[in-house]
Structures are given as C-alpha cells and as structure tokens.
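To keep things clear, I will list the structure first and then write my remarks on it.
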Amino acid sequence: MAKLVPCVKLSNGQEMPLVGLGTWRSCQNEAEQAVKDAIDLGYRHIDTAFAYDNEHEVGRAIKAKIAEGKIKREDMFVVTKLAGIHHDPQLVENACRKSLSNFSLDYIDLYLMHFPVGLVYQGDDNVHGGSQLSDTDYLDTWKAMEKLVDLGLVKGIGLSNFNAEQTERVLQNCRIRPLVNQVECHPALNQKKLIEFSRKRQIVITAYAPLARPKPDQQWPAFLYDPTSQELAKRYGRTPAQICLRYLIQLGCVVIPKSLKKSRIAENFDCFDFELSPEDMKIMDCYHTGIRLIPYTAMSHHKYFPFNSEF
C-alpha cells in the first residue's frame with residue numbers, strides 16, 4: 001500500500017495533504033502520466049490551474065485511478081485556480097464550471113484566485129489575456145467565488161500571490177474566509193513574515209516553486225548545490241531537495257514540488273521521517289535573499305500589484 005503523508009486541517013475543517021504534486025508547465029500526456037505516477041506513490045493532493053492548460057490531463061489521470069480502484073474521489077484533494085481573465089464577477093461561475101468539465105469532476109476541493117490583478121477577457125482560449133490589465137476589484141471577484149461554495153461547486157476557496165495587506169482586506173470584507181494563500185516560497189524567498197502573518201489568521205501558506213526550478217548545469221540554486229547544502233544533506237542521509245522541502249514544512253508550509261520523473265516525484269514525497277534541528281533550520285535561513293524567481297514585472301504598474309509591499 002502506498003505511503004500517505006500528514007495533512008493540515010484548514011479553518012473550514014478540510015484536511016489538506018502537506019505535500020502535493022505541482023503541474024505548472026506539465027503539458028499534454030506529461031501531466032497525465034505524472035499525476036498517475038504520483039497517485040501510485042501515495043500523493044493525494046494535486047495542484048493545477050486553468051491557465052496551465054492541463055486540467056483535462058489531470059482529470060483523466062484521476063478518473064483512471066478511480067476506475068482502477070486505486071483511489072476514491074473523496075481521497076483526493078484537487079486544487080485549481082481562477083484565471084485572471086475571469087475576474088469579472090459575471091464570469092466566475094462559468095469559469096469554475098469549465099474547470100469542473102475539464103476535470104470531469106463534480107466538485108473542486110480548493111479553488112484559488114490565481115493573482116490579485118485581473119486581465120481583460122478576450123475568450124477562454126486567450127487565457128493570458130494579452131497585456132491588457134483589468135480594473136476589477138479582487139473583492140468583487142472574491143464575493144463571486146463565495147457563491148461557488150454555496151452552490152457546492154467547490155469545497156473551499158483561497159488566494160494566490162496576495163500580500164499581507166491584500167489578504168487582510170479580503171478578511172475584513174468577506175463572508176467566507178480564505179483558507180490558503182499560495183505563493184512563491186523556497187529557501188531563497190522563505191516568506192517567514194507572511195507565514196507568521198497568515199498563521200495568526202488561520203490561513204495556510206502553500207509554497208509553489210519550493211525548489212526554485214533547479215538548473216543543474218549551472219549548479220543553481222545554492223541551497224541545492226553548494227557545499228553547505230551538500231554536507232547538510234549527507235548528514236541526514238537525504239538529498240538537498242528533501243532537506244529543502246522539510247525546511248519549508250517545518251516553517252509551516254504546504255509544498256507542491258513539480259516533477260515529471262517518477263523517481264523524483266517519489267523523492268519529493270519522502271520527507272516526513274526526519275526533522276531538521278533548530279541549528280540546521282538556521283543554516284537554511286541563511287539562504288534567504290528575498291529575491292523573487294517569478295516577479296510578474298509586466299503587472300508592476302497596476303494598483304493591485306502585490307509585490308511592492310515587504311510581504
């Protein structure tokens with residue numbers, strides 16, 4: 001029987017596995033096979049988005065494993081995201097139903113607003129919306145997302161790429177609280193202030209790009225390749241990637257590393273039978289630079305751009 005991982009209980013009572021499979025840039029049959037492999041290995045948390053253009057593949061993989069008797073639908077925690085082109089409140093319900101149709105599922109476990117800045121809608125096929133940004137207030141979008149919970153289309157809703165000030169604004173004006181904020185988070189951008197801010201408000205941080213998209217040919221990032229990280233991994237009998245993921249989990253994050261290789265998918269899942277000491281957590285803290293891998297600079301002039309604040 002595949003090994004499962006611990007879960008964190010969200011503020012609405014849902015249980016979210018601490019490790020999920022990220023699927024950004026996992027296309028066509030690659031995504032389908034990666035999800036099948038992940039489920040076989042014990043993953044029950046799959047993260048995708050309408051903008052990733054792979055919801056069909058993720059859904060096929062889940063349905064195949066249900067048909068095999070490997071899992072039941074209620075075993076899975078499926079996360080997807082409302083695209084920027086669908087921020088207009090009149091578009092939100094249809095966008096969610098489109099994702100459900102792509103998955104061939106009856107409900108989504110967690111539905112996130114992908115970014116606080118919206119894009120002008122030019123059709124579902126133009127998911128990135130060109131360069132024309134929308135003035136839609138994310139609070140209006142959020143109120144439309146709350147209705148999805150009422151309709152039973154989604155179990156819970158949350159945020160992605162929101163800063164602390166924007167998160168607080170949602171909290172002060174919402175009827176249904178955000179459960180999660182999914183943000184870029186890895187040792188070089190450890191988000192400790194945002195994690196603490198969110199923890200006090202019962203919001204869980206999900207770390208995307210938790211390994212910062214490694215470049216082995218350039219021996220980058222340092223927290224995976226330099227002598228200190230190598231020695232730390234050797235001391236625990238682990239890989240640097242497992243040390244990194246364990247560090248983020250101990251900070252209080254859910255992690256969603258992306259891989260297409262079954263061996264790497266398995267490696268990323270195996271980070272629960274050891275614990276980093278306080279001294280070694282401090283070593284990992286030293287890799288923090290605060291520099292973003294994904295800065296979204298094309299949106300930096302917008303009034304709702306989230307990354308001009310400290311956290």
Side-chain angles (χ1 to χ4, degrees), residues 1-8 15-27 30-49 52 54 57-58 61-62 65 70-71 75-79 110 180 182-191 204-216 219-225 229-230 232-276 280-281 284 287 293-294:
M1 182 177 175
K3 181 172 64 175
L4 302 182
V5 301
C7 294
V8 60
E15 293 198 341
M16 183 180 192
L18 287 172
V19 177
L21 180 73
T23 63
W24 188 66
R25 288 186 173 173
S26 297
C27 302
E30 290 182 335
E32 185 172 349
Q33 189 58 51
V35 173
K36 287 179 176 178
D37 288 342
I39 291 172
D40 285 342
L41 290 163
Y43 282 73
R44 297 295 180 262
H45 171 185
I46 308 296
D47 182 273
T48 185
Y52 299 172
N54 61 17
E57 289 72 31
V58 170
I62 292 171
K65 291 300 170 182
K70 182 77 178 179
I71 54 168
D75 297 331
M76 297 301 298
F77 193 92
V78 179
V79 182
L110 181 62
V180 164
Q182 184 180 127
V183 298
E184 180 184 344
C185 183
H186 42 75
L189 183 68
N190 65 28
Q191 298 280 16
V204 172
I205 292 294
T206 298
Y208 72 72
L211 302 176
R213 300 182 195 163
K215 299 177 182 177
Q219 295 288 282
W220 184 92
F223 60 78
L224 293 180
Y225 294 103
S229 67
Q230 294 290 320
L232 193 58
K234 184 178 179 181
R235 186 142 44 83
Y236 282 89
R238 297 287 169 165
T239 66
Q242 289 171 325
I243 296 293
C244 168
L245 295 173
R246 183 67 209 178
Y247 166 72
L248 295 175
I249 289 167
Q250 286 182 219
L251 287 183
C253 295
V254 171
V255 295
I256 49 169
K258 176 252 180 173
S259 184
L260 299 175
K261 294 182 180 178
K262 189 170 184 178
S263 61
R264 195 61 57 77
I265 293 171
E267 175 189 325
N268 292 339
F269 201 59
D270 188 18
C271 52
F272 288 97
D273 55 357
F274 73 102
E275 187 169 322
L276 298 180
D280 291 334
M281 289 291 289
M284 293 301 294
Y287 288 108
L293 183 66
I294 311 162

Separation of [Y] [atom2] from [X] [atom1] (nearest 0.5 Å):
{"X": "Ile256", "Y": "Leu211", "atom1": "CD1", "atom2": "CG", "value": "11.0 Å"}
{"X": "His45", "Y": "Asp75", "atom1": "NE2", "atom2": "CG", "value": "15.0 Å"}
{"X": "Leu4", "Y": "Leu18", "atom1": "CG", "atom2": "CG", "value": "12.0 Å"}

Exercise: identify the closest heavy-atom pair between [X] and [Y]:
{"X": "Ala212", "Y": "Pro221", "value": "CB-CG, 4.2 Å"}
{"X": "Trp24", "Y": "Arg213", "value": "CZ3-NH2, 2.8 Å"}
{"X": "Tyr287", "Y": "Ser229", "value": "OH-N, 3.3 Å"}

Which word best sums up how the rings of Phe269 and Tyr43 line up, parallel for under 30°, tilted for 30 to 60°, or perpendicular for over 60°? parallel
Would you tabulate the side-chain donor-acceptor contacts of residues 239-252 under 3.5 Å, counting partners in other chains and residues two or more places apart, or write 'none'?
| unit_1 | atom_1 | unit_2 | atom_2 | d |
| --- | --- | --- | --- | --- |
| Thr239 | OG1 | Gln242 | N | 3.1 |
| Thr239 | OG1 | Gln242 | OE1 | 3.4 |
| Thr239 | OG1 | Glu267 | OE2 | 2.7 |
| Gln242 | OE1 | Thr239 | N | 3.0 |
| Gln242 | NE2 | Glu267 | O | 3.1 |
| Gln242 | NE2 | Asp270 | O | 3.2 |
| Arg246 | NE | Gln250 | OE1 | 2.9 |
| Arg246 | NE | Phe274 | O | 3.2 |
| Arg246 | NH1 | Cys271 | O | 3.1 |
| Tyr247 | OH | Asn190 | ND2 | 3.3 |
| Tyr247 | OH | Asp285 | OD1 | 2.6 |
| Gln250 | OE1 | Leu276 | N | 2.7 |
| Gln250 | NE2 | Leu276 | O | 3.1 |

Side chains of [X] and [Y] in contact at under 4.5 Å (non-hydrogen atoms):
{"X": "Ile39", "Y": "Arg44", "value": "yes"}
{"X": "Val254", "Y": "Gln182", "value": "no"}
{"X": "Val35", "Y": "Glu57", "value": "no"}
{"X": "Met284", "Y": "Leu232", "value": "yes"}
{"X": "His186", "Y": "Glu184", "value": "yes"}
{"X": "Glu30", "Y": "Asn54", "value": "no"}
{"X": "Val58", "Y": "Tyr52", "value": "no"}
{"X": "Arg238", "Y": "Asp273", "value": "yes"}

I'd like to know whether Val183 forms a side chain to side chain contact (heavy atoms under 4.5 Å, CB included) with Ile205, so could you lay out the CA-CA distance, the side-chain angles of the two residues, the decisive distance to 0.1 Å, and finally the verdict. CA-CA 7 Å; Val183 298; Ile205 292 294; 3.8 Å; yes
Under the side chain to side chain donor-acceptor pair (under 3.5 Å) definition, can you give me all pairs with a residue in residues 251-263, not counting sequence neighbours? none
Tyr208 and Asp47: side-chain donor and acceptor closer than 3.5 Å? no
